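As structure tokens, the structure follows; a few thoughts come after it.
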Amino acid sequence: MKYKEIRLSGSGGQGIILMGIILAEAAIMNGDNAIQSQSYGPEARGGASRAEVIISEGEIDFPKVRKPDILLSLTQEAFNKYIVDLKDGGIVIADDKVKIEDSDKFQLYQVPIMSTTNDVLKKPMVANIVALGAFNKITKLVDEEMLRKAILNRVPKGTEDLNIKAFNMGIGLV
Amino acid sequence: MKYKEIRLSGSGGQGIILMGIILAEAAIMNGDNAIQSQSYGPEARGGASRAEVIISEGEIDFPKVRKPDILLSLTQEAFNKYIVDLKDGGIVIADDKVKIEDSDKFQLYQVPIMSTTNDVLKKPMVANIVALGAFNKITKLVDEEMLRKAILNRVPKGTEDLNIKAFNMGIGLV
Amino acid sequence: MNKKVSTKVIVNKAWCKGCGICVAFCPTNVLEIKDGKVEIVNPEACTRCGLCELRCPDFAIYLGGEEDEK
Amino acid sequence: MNKKVSTKVIVNKAWCKGCGICVAFCPTNVLEIKDGKVEIVNPEACTRCGLCELRCPDFAIYLGGEEDEK
Amino acid sequence: MASNLVEKYYRMDKLPHIWCAGCTHGTSMNAVVRAIDKLGYNQDEVCIVSGIGCSSRATGYMDFNTLHTTHGRALAFATGIKMANPKLKVIVITGDGDATAIGGNHFIHACRRNIDITTIVFNNNIYGMTGGQYSPTTPTSSLGTTAPYGNIDPVFNICNVAAAAGATYVARGTAYHTQALINSIVKGLENKGFSVIEAVSDCPTYFGRRNKIGDAVEMMKRLKELSVNVKAAEKLPPEKLEGKIIIGEIKNETRPEYTDEYQNLIDRLKEEEK
Amino acid sequence: MASNLVEKYYRMDKLPHIWCAGCTHGTSMNAVVRAIDKLGYNQDEVCIVSGIGCSSRATGYMDFNTLHTTHGRALAFATGIKMANPKLKVIVITGDGDATAIGGNHFIHACRRNIDITTIVFNNNIYGMTGGQYSPTTPTSSLGTTAPYGNIDPVFNICNVAAAAGATYVARGTAYHTQALINSIVKGLENKGFSVIEAVSDCPTYFGRRNKIGDAVEMMKRLKELSVNVKAAEKLPPEKLEGKIIIGEIKNETRPEYTDEYQNLIDRLKEEEK
Amino acid sequence: MKNNVFLMQGNEACIYGAIDAGMRFFAGYPITPSTELAEVSAQELPKVGGKFIQMEDEIASMAATIGASLAGLKSMTATSGPGFSLKQENLGFACMTEIPCVVVNVQRGGPSTGLPTAPAQGEVMQSRWGTHGDHPIIVISPSSVMEAYMFAVKAFNLSEKYRTPVVLLMDEVVAHMREKIEIPDKSSLEIINRKKPVVDKDKYLPYEDTEDLIPPMANFGEGYRFHVTGLTHDETGFPSTNPANASKQINRLLNKIEMHKEDIIEFDEYLTEDAEIILVSFGAVARSAKSAVKEARSQGKKVGLFRPMTIWPFPEERLKELGKKAKHFIVAEMNMGQLVLEVERIIKSDAVVHLLGKANGEIITPDEIMDKIKEVENIG
Amino acid sequence: MKNNVFLMQGNEACIYGAIDAGMRFFAGYPITPSTELAEVSAQELPKVGGKFIQMEDEIASMAATIGASLAGLKSMTATSGPGFSLKQENLGFACMTEIPCVVVNVQRGGPSTGLPTAPAQGEVMQSRWGTHGDHPIIVISPSSVMEAYMFAVKAFNLSEKYRTPVVLLMDEVVAHMREKIEIPDKSSLEIINRKKPVVDKDKYLPYEDTEDLIPPMANFGEGYRFHVTGLTHDETGFPSTNPANASKQINRLLNKIEMHKEDIIEFDEYLTEDAEIILVSFGAVARSAKSAVKEARSQGKKVGLFRPMTIWPFPEERLKELGKKAKHFIVAEMNMGQLVLEVERIIKSDAVVHLLGKANGEIITPDEIMDKIKEVENIG
Ligand SMILES: Cc1ncc(C[n+]2csc(CCOP(=O)(O)OP(=O)(O)O)c2C)c(N)n1
Ligand SMILES: Cc1ncc(C[n+]2csc(CCOP(=O)(O)OP(=O)(O)O)c2C)c(N)n1
Ligand code: SF4
Ligand code: SF4
Ligand code: SF4
Ligand code: SF4
Ligand code: SF4
Ligand code: SF4
Ligand SMILES: [Mg+2]
Ligand SMILES: [Mg+2]
């Protein structure tokens, strides 16, 4: 039975939490259970930011991520901070600028998320949605259509097209 | 072993509580134990007022008067209110204006406290001390000298002579 | 009530606490304290100005007509 | 310290949060934000007026002499 | 046996009240009732809220919707009531301690919001209920049980604080100037917004006795002597006003009222919904 | 790597601070430090007390006797400290929410007592720490997370309330007018009595962003544009002052100071004892 | 996704539940981690004609909430630790005057300012005993976002039914996590409103000693003109210092909860029937515990879970029964030992009670519970 | 009368004791029946160079008390029920920051405004659990005027020694009655002052994890320049959200009381050795109980009295021992059942625990206790 612990990370302001919400919501639309949580407090102000999602076909009892199956990191700082408790053999999806050593302990995917967002889309605020596209292409955790729906549900009015474009671009990066 | 429960009563403003304090203090000077207590609250504002004293040679455990051995009342209202739980065969000391029926259930002493105070001394505020004189003459609970000392201890500066005079006059009334 | 009633000063001794306020400020010295309660000692002088009623903290003195006294 | 030191504007990049306040209000456009941090791009123009130091919320820019830098 | 007014507006079985002889809380309470009577409010639509103190005991006697709350909090309770049912005429009766000591924050915030509540502060310059401790309005150098050597605390000018905090109608009266007090309360009730009427009062039992002012009558005389009308006061130099009670209307202004503004918001959202 | 001033007066190991980029709390905190430095106080004799809020986090960084209390209560704690040891220079750093919402009562009573404490209110017109709810100084019609449709609350004028409540030195400055702010704090510290300095501040993260004012720089520009000196303001008609920030000295007066008065009492009793 | 299924935060769900239960007034003062309750109220209430007000502090918020209820609106306030302490005096006033209202406390790390953004369950005892004097109270605690919604409804229902404040005791985990929630059809929700007087207006006794011990309640403005005071009062609502009356009133106050315990109390059990070790947990920790039970069972260990949903009055009778069956109880709670005291009191010598307490800002994990289970097994 | 023997009120005695213990600061706000504590302080403190201040409310009084202590003066505040509720937030701050101070609560009838002039013991549980979060506290309760004096001394001593607030839990009976008191010679009084740091000023750790778990305390103004916060902090006093540190600190906080329990706990026993029925009472009610024991013994009944003088931490060990000997315990308290919960928890199934609770504004009488004794005897 599917039970996946996911940690999404980046820097404050990159929309990491929204990304978690969209992912969890898509999972629910998919008919799965999902829980999303995040860190509050000083930790949440500036510096590395994270959102955690658990997706499961069955009941989710313990609501927190213990050992993530999947870590997504958009920045070096976030990667360094949050890699520590990845499950052995887990998946890491990181921006291609992130320098990663010891990559034999996990399955590594490096994707040019930030550069694509900044240089091609020229809209840094949609890096999270680009990342989501790449993330789901790799993990196939939820139905792509559901993710599109969830994105439309949650992004600010007037930015729908941009975000769908970003999502598709993310899929295309993998 | 001596153990006496005393209830002193009158109307608010007659100095009933001070009377209780002086009595208790004199008892202590006497080498006895004593506890003084009084009623607070709306009951204490206007209307009938009371002070209770327990005098004992031994320890005083329960600090409240249960069934007074002695009731002193300066007013009709106070008498009516506080006679209810007098010990069978107890002592009642009342102003002579107080109308009392059923006096066979207790030893009654009626003393012209108020009239003496008002008409002879012409100082209504020392009625409590006049009463104390009469009270102790009847009950002989404490040494007269100790009472004089306690009076001097507790009355406002400058009123010492008046109060001692009042005390002596009270003794004389019995 | 469109029937005009003749008002006069009335005292409710049960409520009067004898503070003397009405007495002191009655413009025509209608009142006095006796035995700790107010008394109307000079009813003819009363001008029905109502000041006693206005200031009495205890609602123990007021201008009322016969109709009010039922 | 009675030794007069030659002051100049100094930046502590580690503390700078790149808010741009010093840049915007420097009277002589000495400063710029680069990669999210302040940079002294025009040091000669600096009049040592101290406004950047006064307003920087992060104590990341200040006038100091060599003695201060130890 | 009581006047028509008393029979109509009071809970007769609760009278006589517990206040001491000569305590002017009774006078001030009656001024409130007369003001209500003048305006012809329906008793069912009037809600009177008080805190804790001798003054705050007023609510127990008055035949309206009455709420006797916790010490200092009357205005916060009243705010909830007024928000919930803006049709109610909400009146707060409070004391100097209740309103300006423990209740000071709710007081200034009610002023700020300009919520349609009329507050009458029975200011006797003392904590009466607890037996005569000095309050934030006890004159400096007066005696109180907690100021046995004379109070070193400076005082609040309740009306000035209320005005600065935003109340739109502010007036001061005394128990001696009863008719003027009634008039001020009427105006306060008519003001659509937050109104403060300070009713300077006497506590002969604690303030008067301890400060050797004399009995209730002497205290009333003092109210008369110390009072200066605000108009007259404007023409006097500050030294002549020291220790005086300035009576009359201190502020009268119009600003949007809080529950109105909230209703506007609701209406606006309903409009947008369409 | 920091200036002499910073190295001397700050706890270097706690820097950089947690405040957001462009948050002017840092600027205002430094103004306090510069004022202290100007007066040459010994750090051991200075005690800085704060409540809870972003602003109130200042105490953690400043190398003095520092006390970070509960929300709104800094002045009450500070009053105990000053009474216990009047030799300490007691300074309170607080926010608009801390000082005027939950802490409003302690604020007006400290003003009333005229106790020798200097209070600097970092007024950013918002509750920063909890994420941008409107505060008693949030301008009417502004947005906050608890005012999603625009705030209907009228605002406090902190300086006017302080003056009416009895503070003896009252001034307003802004983070933009840093030097003037420092001067006001110096004067406040020099005043023997209760001093209030309102330091108008920016919260770009919550107030600025939500109200679409722009970034930290835009907000600072706004402080500059909206400010009018009190002297100039006196000559302007009220409509011209709407929405303006009046800066400068609002009140400067001399009255007996509270701990002095208490010491006089002690001395008097000692005298009588003899 | 059905259009009544959402991903929602616990705090959000709580307000949607409250509004569906009829809440039309919310007075608050922001404090982490309860602030979203105020924020969502500010956003949603005016849309349904309800009122939100941000008061000057928590004391005022509690007061305004009570006032609004007395004026006829179902009312709520919400806070966290420090604010909950401040609300205690007026919470007691609501108990005494029997004015329904709901107080949410989203627990965070304490004592004092503590760990403002971290989860805890440090107010188990305070929610029962925080105000002075003996008083009735109902405290319920949800474990999921769905329950945050349902318990908000339940809180209002109990509050209206029993004329008493109800504390909704949440924790930061449940308050802040987002989870699937299925909003029930409104017609399927049971909504209870306060019992109104049926007597003539001049015969109304606001504190009548009725058979069910719950006096009917009129709202201010409906023509009853009664008096409400926090002083000890008699059936008429007016102050009384008569000891016999005081006894009667305090007994009715406490017994109105005691008498209806069965209706009020709700709890959940998981594999307790044959359990030798029973975990006792509530709120978010109950989820860790359930996870641990599954793990333990998979290892053949006879472990079960008893989850009080009603914390006060505590489900004493059922726990007592379980005490006769199981050998060990492990109370896992995010504090240093609070509910465990009540469990010890109830279990007496029937079984051994152990505490797994933790108050460091982190939720108790299933692993920690497993470790404790092993420790207890070793005792035998 | 020896010139150290007086007739004195409990409230008065408490302040004289406090001043003899070194109290030099009192911040208060009047409330019946505690007001005399403020009044006597206002009168006496300036005579000895101490300071009295009447604050704007109880919250401010608690705050000023803590502030003054941090600035070096032994400090007290006093209140009754409603004010005690208001002080809870800042009381928790004192627990967390380990600033010594004494809080007197003269209990009166509750809940809410209740019976302001009548005696009660309704804050047994609130004094332990009134503030949010887990926290240490010491609560002691005198039964006589003499003890009001002695316990004030003791309260300051414990507070200074353990860097913790101490609650002096009085009741209206003891507070207001006048009784004989013999003021001890000052030289015979043990006075304890806070332990001062001995390290260099820059090495000072205000929350050092010392062996005795009590960190030395510098006063503000003595050159140590430390930081005090109600946030969870580390040994340096600065905030820390590190879970390991948070665990360590909360454990130290609670254990500093637990570890020194023997030194802190005081109780009194009367004829318990052979008792079959043991009364458990404190404060004024313990006097009724003692009277009842005498009466019962005179009738040949084996009744004894266990009187906790320290209420929290409760004298658990000794009571447990007694539980093995006696058959019945009767907890007589002026509330509806608070201390009885703790007694039940401790006694477990060893004996039967009964409650004699009363909360109607009157003290429990010896006769009522006798009746209860008879009732219990009939059970056997
Ligand atoms: C929380 C709380 N603190 C203190 C008290 C005690 N108390 C009752 S009334 C009062 C002062 C009342 O003074 P004021 O408002 O001036 O009324 P007055 O009695 O003078 O009319 C105080 C301190 C209380 N009941 N509750
Ligand atoms: C008793 C209590 N209530 C509420 C809070 C939550 N709280 C913390 S800071 C704050 C507001 C701070 O606003 P302000 O004083 O303006 O400071 P800023 O963060 O804007 O600098 C609030 C409501 C708290 N910590 N304690
Ligand atoms: S109505 Fe006027 S004149 Fe008549 S008694 Fe009253 S005060 Fe005097
Ligand atoms: S004013 Fe009223 S209470 Fe006072 S004496 Fe006159 S009638 Fe009596
Ligand atoms: S003001 Fe300070 S923080 Fe802001 S950009 Fe300049 S140096 Fe950096
Ligand atoms: S010192 Fe003045 S001129 Fe030089 S960089 Fe700073 S602001 Fe510009
Ligand atoms: S104590 Fe003072 S305020 Fe209270 S009723 Fe008596 S006179 Fe009035
Ligand atoms: S939230 Fe606002 S007030 Fe707080 S640190 Fe950030 S900018 Fe400053
Ligand atoms: Mg007063
Ligand atoms: Mg702010």
Side-chain angles (χ1 to χ4, degrees), chain D, chain F residues 1-12 14-31 33-35 54-55 57-58 61-62 122 124 173-183 199 201-205 208 214-224:
Chain D
M1 274 201 296
N2 50 9
K3 183 155 49 119
K4 184 102 184 151
V5 295
S6 66
T7 56
K8 64 169 188 182
V9 62
I10 300 177
V11 161
N12 177 350
K13 284 214 182 185
W15 288 3
C16 171
K17 291 178 185 153
C19 68
I21 288 174
C22 58
V23 178
F25 299 101
C26 168
T28 53
N29 297 318
V30 175
L31 310 165
E32 240 175 54
I33 296 289
K34 283 197 177 159
D35 279 337
K37 301 271 175 183
V38 72
E39 250 188 53
I40 307 171
V41 291
N42 199 4
E44 318 76 50
C46 174
T47 63
R48 287 130 171 82
C49 70
L51 286 173
C52 51
E53 179 177 353
L54 265 183
R55 293 204 184 100
C56 171
D58 289 273
F59 324 146
I61 188 164
Y62 58 98
L63 295 172
E66 281 155 326
E67 267 78 1
D68 302 330
E69 290 177 73
K70 45 182 153 129
Chain F
M1 198 171 78
S3 71
N4 284 340
L5 185 93
V6 169
E7 288 197 351
K8 173 160 186 199
Y9 292 107
Y10 289 91
R11 291 162 171 151
M12 293 296 289
K14 302 297 163 202
L15 293 174
H17 52 60
I18 53 154
W19 292 318
C20 306
C23 172
T24 59
H25 285 345
T27 314
S28 302
M29 172 168 74
N30 215 19
V33 158
R34 281 172 189 270
C54 291
S55 30
R57 281 298 190 103
Y61 304 111
M62 302 170 83
F122 292 6
N124 56 9
T174 83
Y176 175 80
H177 306 85
T178 328
Q179 193 56 59
L181 178 61
I182 295 165
N183 295 341
S201 301
D202 292 332
C203 170
T205 303
D215 61 9
V217 170
E218 289 308 313
M219 291 196 81
M220 266 260 179
K221 284 192 182 145
R222 205 160 148 272
L223 287 186
K224 179 180 174 186

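The structure displayed is predicted, hence computed values, not measured ones. Proteins come first, then strands; the chains are lettered A, B, ... in the order of their sequence lines, and each starts at number 1.
At a threshold of 4.5 Å between non-hydrogen side-chain atoms, the residues W15(D) and L15(F) count as touching. H25(F) is not listed as a side-chain neighbour of P57(D), based on a closest heavy-atom distance of 4.5 Å or more. Residues E7(F) and F59(D) fail the side-chain proximity criterion, which asks for heavy atoms closer than 4.5 Å.
Going from atom OG1 of T178(F) over to atom CZ of R55(D) covers 5.0 Å, rounded to the nearest 0.5 Å. Between atom CG of residue L5(F) and atom CD of residue E53(D) there is a gap of 7.0 Å, rounded to the nearest 0.5 Å. If you take CE on M220(F) and SG on C19(D), they are separated by 7.5 Å, rounding to the nearest 0.5 Å. Rounding to the nearest 0.5 Å gives a distance of 8.0 Å between NZ of K17(D) and SG of C23(F).
Contacts of Y10(F) with chain D are made by side-chain atoms alone, with heavy-atom separations under 4.5 Å and no backbone atom involved. For a residue to count as touching a neighbouring chain, one of its non-hydrogen atoms must lie under 4.5 Å from one of that chain's; by this rule V6(F) touches chain D with the side chain only. At a 4.5 Å heavy-atom cutoff, the contact between M29(F) and chain D is made by side-chain atoms alone.
The greatest number of non-hydrogen atom pairs below 4.5 Å with chain F, out of I21(D), I61(D), L51(D), is found for I21(D). When each of D58(D), L54(D), V11(D) is checked for heavy-atom pairs under 4.5 Å with chain F, L54(D) comes out on top.
Summarising the local packing, NZ of K13(D) is surrounded by more than 12 heavy atoms from other residues, nucleotides or ligands at distances under 6.0 Å.
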